[in-house]
Amino acid sequence: MGSLTQISFLSHILIHLLALTLTFAQPHFLFHNCSNSVNYTIPSTFQTNLNTLLSSLSSNIDAYGFYNSSMGRDPDRASAVALCRGDVELDICRSCVTVSTSKLIQLCPNQREAIGYYDNCMLRYSNNETIFGKMAWGPGFEKWNTNNVSDEQLSKFNEVRSRLFGGLINRAASGDSRRKYATGEAQLPDSKTIYALVQCTPDLSESDCSFCLNATLERIPSCCSNRIGGAVYKPTCNIRYELDKFYNDTKDAAAPSPQLAAGPSNNEPMPNAALPPPLAAGPSNNAPPLSGMNIVIVSSIVIFVTL
Ligand SMILES: *[C@@H]1O[C@H](CO)[C@@H](O)[C@H](O)[C@H]1NC(C)=O
Ligand SMILES: *[C@@H]1O[C@H](CO)[C@@H](O)[C@H](O)[C@H]1NC(C)=O
Ligand SMILES: *[C@@H]1O[C@H](CO)[C@@H](O)[C@H](O)[C@H]1NC(C)=O
Ligand SMILES: *[C@@H]1O[C@H](CO)[C@@H](O)[C@H](O)[C@H]1NC(C)=O
Ligand SMILES: *[C@@H]1O[C@H](CO)[C@@H](O)[C@H](O)[C@H]1NC(C)=O
Ligand SMILES: *[C@@H]1O[C@H](CO)[C@@H](O)[C@H](O)[C@H]1NC(C)=O
Ligand SMILES: *[C@@H]1O[C@H](CO)[C@@H](O)[C@H](O)[C@H]1NC(C)=O
């Protein structure tokens, strides 16, 4: 290749990478639910309380990516909970909560109860303080990768996945009142690696967190049994697994929570030769892929390096 051609090719790749990075920076909205049975009028005291509370969330989010608070008195009290995925940097977490706030107000313009999930954060509000410190089972959703594990590997895959999740659930549940989060990986027989993440809102007790995550794990056979990736999201806990490393374990390792078995290793995931497959979701069906951008960026870097 001539040097001019090479430079133009290089800048083409760089622009491509930049575009990917920008796309990656946009949070993906996954799911929302508004409760249509409890509405508020506009204007009202509840609306003022809710708006004041929501506008204070992002700046009050702590270094662990969690905040819960109430504003006003019954029956006009507004209560809210915001939780970022445990590996998300604080500034990204704050902007995710800010974006969620306006998104939910737009989608649920007069509902007293709403929940919204981005891939990086969850926001939930209600006029009932019962959203604090108690396990909640709904509304939630499930997602799965449309690619399947081969029949020959399925029983071993399920065994490795169950064992990995079991260890992570113990670790996350025994976290403190600031953080209940764990990630880990395990080797599959075909020399692939399975990566998993579990998280509870840290206001849950150890046993409620364990109960919530166990119940979430029990959903896996019906949503994601033979899928190479899957996730179950509930208001107070969520779990997810993939064949690519979809979380940042630098933050996990740096976090004050103790590292036990199934801790992160430094192995980089193998870049996939093929493009990531589309993901399906239920009950919402217009959700974007959970992961995939990571793989694309890794592949682009590989192309770049091998020039
Ligand atoms: C609450 O508001 C929503 C839309 O804003 C509407 O669909 C629903 O019927 C209302 N519910 C009640 C009980 O008025
Ligand atoms: C909050 O929820 C509890 C249990 O569902 C209910 O008994 C209580 O009346 C609710 N309070 C308000 C202010 O809505
Ligand atoms: C939204 O939440 C309500 C109350 O939990 C539930 O009845 C409804 O099915 C949910 N809708 C979706 C799409 O999940
Ligand atoms: C994957 O498995 C599901 C459920 O068993 C099945 O419905 C689907 O057709 C399979 N997909 C492929 C591509 O084999
Ligand atoms: C928010 O959660 C923490 C536990 O992480 C709890 O100590 C605190 O009381 C909660 N705040 C409210 C308003 O319930
Ligand atoms: C969750 O499941 C594990 C493993 O089956 C079990 O040891 C634990 O007691 C369960 N937690 C709760 C709260 O039931
Ligand atoms: C991963 O976490 C580390 C340490 O917190 C941070 O420096 C790095 O920028 C993070 N990477 C991504 C892709 O978020």
Side-chain angles (χ1 to χ4, degrees), residues 29-44 46-47 50-51 75-76 78-81 100 102-118 122-128 130-131 133-144 158-177 180-182 184 186 196-223 231-239 241 260-262 280-288:
F29 191 63
L30 300 174
F31 174 81
H32 81 282
N33 185 307
C34 323
S35 174
N36 282 335
S37 57
V38 275
N39 290 345
Y40 59 88
T41 48
I42 299 173
S44 64
F46 179 80
Q47 185 196 19
L50 181 64
N51 287 346
D76 299 312
S79 298
V81 175
S100 301
S102 42
K103 187 90 176 179
L104 266 192
I105 289 290
Q106 173 203 330
L107 292 168
C108 312
N110 64 340
Q111 282 96 348
R112 286 176 185 244
E113 261 180 40
I115 187 163
Y117 297 84
Y118 276 90
M122 182 276 296
L123 172 66
R124 184 180 173 213
Y125 58 76
S126 169
N127 82 314
N128 199 319
T130 53
I131 64 170
K134 284 202 178 66
M135 190 191 104
W137 195 234
F141 69 103
E142 293 155 5
K143 289 177 76 75
W144 55 90
N158 284 339
E159 188 190 316
V160 171
R161 183 180 55 198
S162 295
R163 198 170 346 107
L164 176 59
F165 271 128
L168 293 179
I169 289 173
N170 277 337
R171 257 172 68 202
S174 62
D176 60 22
S177 64
K180 289 191 167 58
Y181 168 81
L197 177 156
V198 308
Q199 185 168 23
C200 290
T201 57
D203 56 340
L204 292 192
S205 67
E206 175 168 1
S207 65
D208 276 2
C209 174
S210 165
F211 188 87
C212 188
L213 289 171
N214 281 358
T216 308
L217 184 57
E218 277 166 22
R219 294 292 310 155
I220 292 285
S222 51
C223 73
V232 181
Y233 292 82
K234 299 293 176 189
T236 51
C237 71
N238 62 79
I239 67 174
Y241 72 95
L260 299 174
S284 72
N285 52 14
N286 60 345

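Not measured: the values here are computed from a predicted model. Side chains are part of it too, since the values below use all heavy atoms of this structure and drop only hydrogens, waters and symmetry mates. Both counts, for ligands and for their atoms, begin at 1 and track the order of listing.
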Side chains of I239 and L213 in contact at under 4.5 Å (non-hydrogen atoms): yes

Proximal ligand 3 atoms for P139, defined as those under 4.0 Å from one of its heavy atoms: 2 (O), 5 (O)

Distance SG-SG for C200, C212 less than 2.5 Å: no

Centroid separation Y117 to F141 less than 6.0 Å: yes

Where ligand 3 meets F31 - atom numbers and elements under 4.0 angstrom, heavy-atom basis: 14 (O)

Validation row: F165, T216 side chains within 4.5 angstrom (heavy atoms): no

Distance-only polar pair, side chains of Q111 and N36, donor-acceptor under 3.5 Å: yes

Main-chain N/O of S126 paired to R112 side chain as donor or acceptor, under 3.5 Å: no

Per-atom contacts, ligand 1 versus N110 - under 4.0 Å to a heavy atom: 2 (O), 4 (C), 5 (O)

R124 vs T236 side-chain heavy atoms within contact, under 4.5 Å: yes

Proximal atoms of ligand 1 relative to Q111 (non-hydrogen, under 4.0 Å): 2 (O), 3 (C), 4 (C), 5 (O)

N36: numbered ligand 1 atoms lying under 4.0 Å from its heavy atoms: 1 (C), 3 (C), 8 (C), 10 (C), 11 (N), 12 (C), 13 (C)

Any F141 heavy atom less than 4.0 Å to ligand 3: no

OH (Y40) with more than 12 external heavy atoms under 6.0 Å: yes

Under-4.0 Å heavy-atom contact with ligand 1, by part of N39 that carries it: side chain

D208 backbone acceptor or donor facing S205 side chain under 3.5 Å: yes

Neighbouring residues of ligand 6, heavy-atom cut-off under 4.0 Å: S207, S210, F211, N214

